[in-house]
Amino acid sequence: MKEITISTIINTVEKLCIDANYYIGKDVTDCMKANLEKEESPVGKEILSQILENNSLAAEKQIPMCQDTGVAVIFLEVGQEVHIVGGSLQEAIHEGVRRGYEKGYLRKSMVYDPIMERKNTKDNTPAIIYTDIVPGDTMKITIAPKGAGSENMSELRMMTPSDGMEGVIQFVVDKVKRASGNPCPPVVVGVGLGGNFEQSALLAKKALLRPLGSRHTEQKFADLERTLLEKINKLGIGPMGLGGRITALDVHIETMACHIASMPVAINIQCHASRHKTVIL
Amino acid sequence: MSKEIYLKTPLKTDELVSLNIGDKVFITGILYTARDAVHKKLFALLEKKEPLPFSLVGQVIYYVGPSPAKPGDPIGSAGPTTSYRMDKYAPALLDLGLKAMIGKGVRSKEVKEAVVRNKAVYFIAVGGAGALLAQTIKASKVIAYDELGAEALREITVENFPCFVGLDTKGNDLYEQGVATYQIHEETI
Ligand code: SF4
């Protein structure tokens, strides 16, 4: 039995919130640089260079790369041999978010209720927390701050088995087309295939956590990822939607078994500010 | 990218009519920051025929909700927010003399018509480049609705703020024409 204290969790989450918003992942930078070479539109090239410059400025000056520092989405993988001591795990996560968003000068973007008063909670809580209990004696904490520009362009559809592969391709490509410049392309497209209504959405979100350039472990889905990426980059939407070759940096699919009569498909769009950081305690 | 042009606010119509979509523009002067919440409030004032907190004539509204400023900085990260949420309000403000908007994303038919009718312009700044754009902001002060926090109405002073012409006075739309230029048609997609 390994003990992890609440204060360790608070401190870890605080730091993760700040780091995720100041420092973009190396996979994103590398992918952006490679795509800058491929982009043919002069406006598109200029935009990709501005993004690269922006991200290195953010790290250097220690400020958020984007002002929309998002909803704090937290994924926990808690080893079943871990003993959490000193208080509530959920509360510790919220407290870490509260401190991180304050200390890091991050924008607080949560409102209490979605439709009535929409009053800001002023500390960016509540965080959205997913917890998996897994074998082992470690705790993995991932934060993925998610801005609204790209989240608002996401969609879930309960397709039928007869829609088939063609139907899925059409849905994904058309979604990116309709989203146009709104989600700050070049985007990363997360696709959740299967499960049920809510599982497909969660799969789509988890797909965004994979490093850029990585492929689904099964060949047939890896091929589908490549096909989708190719088709999306023929749309011409380009960086910021102003025309160009590079509309998406990558497409990631996560899959799961599903009911004989269903084919849930969820698409979670991620902007170029593809932020996530992980720590294992 | 056709040309690089330097503009000073307040903007003059004769400078705007020579702009074309895709031009890279650097703006120096005052911008007013406003998002959904401020637009709603400005509209309520207009309906009651009360004066607005600033004069719109020749001015530029930047759709942004910055992150908090670090000590010693005038502002935090400050990139554009998605413009379509302001489409409902923009035509009326343009008709009252607003000369330009800065944001990101496509605009409605009504906004495009109001841009042409008033010889105004829609500029596009790079979304998610908030750290870079913040470097061009030299001063910032809240002039109304402080209670809205990030969404308050601010007067900001910029030096060579970089953006692209998205909608020009002739009714051209960079979103449409840019995408049409690079789209590769397939039999079935
Ligand atoms: S979509 Fe992403 S990059 Fe664009 S403004 Fe929102 S958080 Fe920032």
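So that the names make sense, note that chain A is the first sequence line, chain B the second, and so on, each numbered from 1. Here the structure is a predicted model, which is why all the values come from computation and not from measurement.
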Could you check if a side-chain atom of B/Q135 sits within less than 4.5 angstrom of a side-chain atom of A/E53, using non-hydrogen atoms only? no
Contacting moiety of A/A58, where chain B heavy atoms sit under 4.5 Å: both
Any side-chain heavy-atom pair from A/Q67 and B/L133 closer than 4.5 angstrom? no
Per-residue contact mode, A/K108 against chain B (heavy atom under 4.5 angstrom): side chain
Looking only at atom types and distance, does a side-chain atom of A/K122 sit under 3.5 Å from a main-chain N or O of B/G149, one as donor and one as acceptor? no
Of all heavy-atom pairs between B/Y182 and A/P42, which one has the smallest distance, and what is that distance? OH-CD, 3.6 Å
Could you give the distance from OG1 (B/T181) to CD (A/E40), rounded to the nearest 0.5 Å? 11.5 Å
With a 4.5 angstrom heavy-atom cut-off, is it the side chain or the backbone of B/P162 that approaches chain A, or both, or neither? side chain
So which of A/L106, A/I51, A/N182, A/L57 has the biggest tally of heavy-atom pairs under 4.5 Å with chain B? A/N182
On a heavy-atom basis, the closest approach of B/L132 and A/N54 is N-OD1, 2.7 Å
Can you confirm whether B/K138 is buried at NZ, in the sense that more than 12 heavy atoms of other residues, nucleotides or ligands lie under 6.0 Å from that atom? yes
Residue from A/A273, A/G149, A/G244, A/P239 scoring the most non-hydrogen pairs under 4.5 Å with chain B is A/G244
Given the rule in the side-chain contact (heavy atoms from CB on, under 4.5 Å) test, do A/K234 and B/Q183 qualify, once you have shown the distances and angles that lead to the verdict? CA-CA 6 Å; A/K234 283 184 180 165; B/Q183 190 172 13; over 6 Å; no
Closest heavy-atom pair and its distance - B/S67, A/P64: OG-CG, 3.6 Å
For B/A69, is it the side chain, the backbone, both, or neither that has a heavy atom closer than 4.5 Å to a heavy atom of chain A? backbone
Tell me, side chain or backbone of B/A129 under 4.5 Å from chain A's heavy atoms, or both, or neither? both
Quick one: of A/S180, A/C271, A/C184, who has the most non-hydrogen atom pairs under 4.5 Å with chain B? A/C184
Interatomic distance, CD1@B/I184 vs CD@A/E230, rounded to 0.5 Å, equals 9.5 Å
Determine whether B/I124 and A/L242 satisfy the following criterion, side-chain contact (heavy atoms from CB on, under 4.5 Å), listing intermediate values before the conclusion. CA-CA 9 Å; B/I124 297 155; A/L242 301 181; 3.5 Å; yes
Minimum heavy-atom distance between B/K70 and A/K61, given as atom pair plus value: NZ-O, 3.8 Å
Heavy-atom side-chain proximity of A/I47 to B/F164 below 4.5 angstrom: yes
Give, as side chain, backbone, both or neither, the part of A/N120 having an atom under 4.5 angstrom from any heavy atom of chain B. neither
Please tell me if the side chains of B/P66 and A/R107 come closer than 4.5 Å, counting only heavy atoms from C-beta onward. no
Within 6.0 angstrom of A/K33 NZ, more than 12 heavy atoms from elsewhere: no
Of all heavy-atom pairs linking A/Y105 and B/P71, the shortest is OH-CD, 3.1 Å
Given a strict heavy-atom distance threshold of 4.5 Å, which part of A/Y22 is in contact with chain B: side chain, backbone, both, or neither? side chain
Shortest non-hydrogen pair, B/V179 vs A/I237, comes out as CG2-CA, 3.8 Å
One option among A/G238, A/A148, A/G243, A/G104 has the most heavy-atom pairs under 4.5 Å with chain B, and it is A/G243
Near B/E155 CD, under 6.0 Å, is it more than 12 heavy atoms from other residues, nucleotides or ligands? yes
To the nearest 0.5 Å, atom CG of B/D73 lies from atom CD1 of A/I63 at 7.0 Å
Heavy-atom check, side chain of A/M65 versus side chain of B/S77, under 4.5 Å: no
